[in-house]
Engineer: 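Sending over a structure as structure tokens; questions will come in a sec.
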Amino acid sequence: MKVTSLSSGSSGNCYLIQHEGINVLVDSGLTAAAIQKHLFTCGTSIQELSAIFLTHDHSDHLRSAGTISRRWGIPIIASEKTLKASKYRWDKEVRLEALREAQRTGALAEPRGYYNTEVLPVGGVKSIGGLEISSVPVSHDAAETVCYTFRAGGQQGMILTDLGCATEPIFEPLYHSDLIILEANHDLSRLYKSARPQFLKARIASDHGHLSNEQSAQILCRVIEWSGTSHTVWLAHLSEENNDPKNAVKNITTCLENRSIFKFPLKVALRDKPSLSWNAQDSLFQAQMLFDF
Ligand SMILES: [Zn+2]
Ligand SMILES: [Zn+2]
């Protein structure tokens, strides 16, 4: 199993999971053209996607999912409420595309294709080839937000972004995840000092908003204290205005050190381009090496 971050942040989220010829996206928050370009650099294409799993109906996660599904017939898998809310947003996007096309060609054509969707109930599990994907509910202000864990060949990863607070169901899957992609959205003091409207600051900091660096650190401390340090951790969904990679790593490392967890390596998934890649085989090899010695 290989996992690549294609983009992570409020301008678009998209992760590629590959296993034995199966290619799956978690979220599709970039344009179809950008996804096409990034998939090419990963040795695949939109046509070779088996599915797009959507976490929730915010535009930085679903942007091109409807277009990709209509144009290439790729199944979109999500909870029932997320699909319902997403279709409304995709319809708007498809109408806009048709209008842009009409401006170019002078003729208004009916949008082609249909949305190929499949409901995965919250807490449900879906297998595609040897890849098994499970949904886990999280606290966020969309119709029905979930995060996903993915398992193959005895290894597991989890993408945990877009949540305002830790809730009990996230922990058990985290303990068993070799790769953890963890939201570190904002530095709370920077958020409060920012020029954003008060209602927006309150929304981001609420239990249904996004995780601060400190909240991420608390989650990570509990995971490490319960299940050890053998997790690869990427910090993700960083705010452009109220955080930056250096600051996030520094804040979280300080919190970990206050709990006597030293030298824990943290990487940061970048906002606007493919950045990190994790190969389960390498991680398994490293674990075996540690065990051997
Ligand atoms: Zn988001
Ligand atoms: Zn969101």
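What you are looking at is a predicted structure, and each value in this text was computed from that prediction instead of being measured. Just so you know, ligand 1 is whichever comes first in the structure, and atom 1 is the first atom listed for that ligand. All values below were derived from every heavy atom in this structure, side-chain atoms included, with hydrogens, water molecules and symmetry-related copies excluded.
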Engineer: Checking the side chain of Ser28 only, and the main-chain atoms of Leu62 only, is there a donor and an acceptor separated by less than 3.5 Å?
Structural biologist: no

Engineer: Can you tell me if Glu80 has over 12 outside heavy atoms packed within less than 6.0 Å of its CD?
Structural biologist: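 Atom CD in Glu80 is not packed in, count stays at 12 or less.
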
Engineer: Using the ring of each side chain (for Trp, its six-membered ring), is His61 parallel, tilted or perpendicular to His237, with breaks at 30° and 60°?
Structural biologist: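 The arrangement is parallel - the two ring planes meet at less than 30°.
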
Engineer: Should the ring pair His56 and His58 be called parallel, tilted or perpendicular, given that the plane angle runs from 0 to 90° and is split at 30 and 60?
Structural biologist: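 Perpendicular.
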
Engineer: Determine, for Tyr115 and Arg70, whether the Lys NZ or Arg CZ falls below 6.0 Å from the six-membered ring centre while staying within 45 degrees of the axis.
Structural biologist: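 Satisfied, under 6.0 Å and within 45°.
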
Engineer: Take the Zn ion (ligand 2) and tell me which protein N, O or S atoms are nearer than 2.8 Å.
Structural biologist: His56 NE2, His58 ND1, His140 NE2, Asp162 OD2

Engineer: For the pair Thr253 (side chain) and Lys250 (backbone), establish whether a donor and an acceptor sit closer than 3.5 Å, ignoring hydrogens and angles.
Structural biologist: no

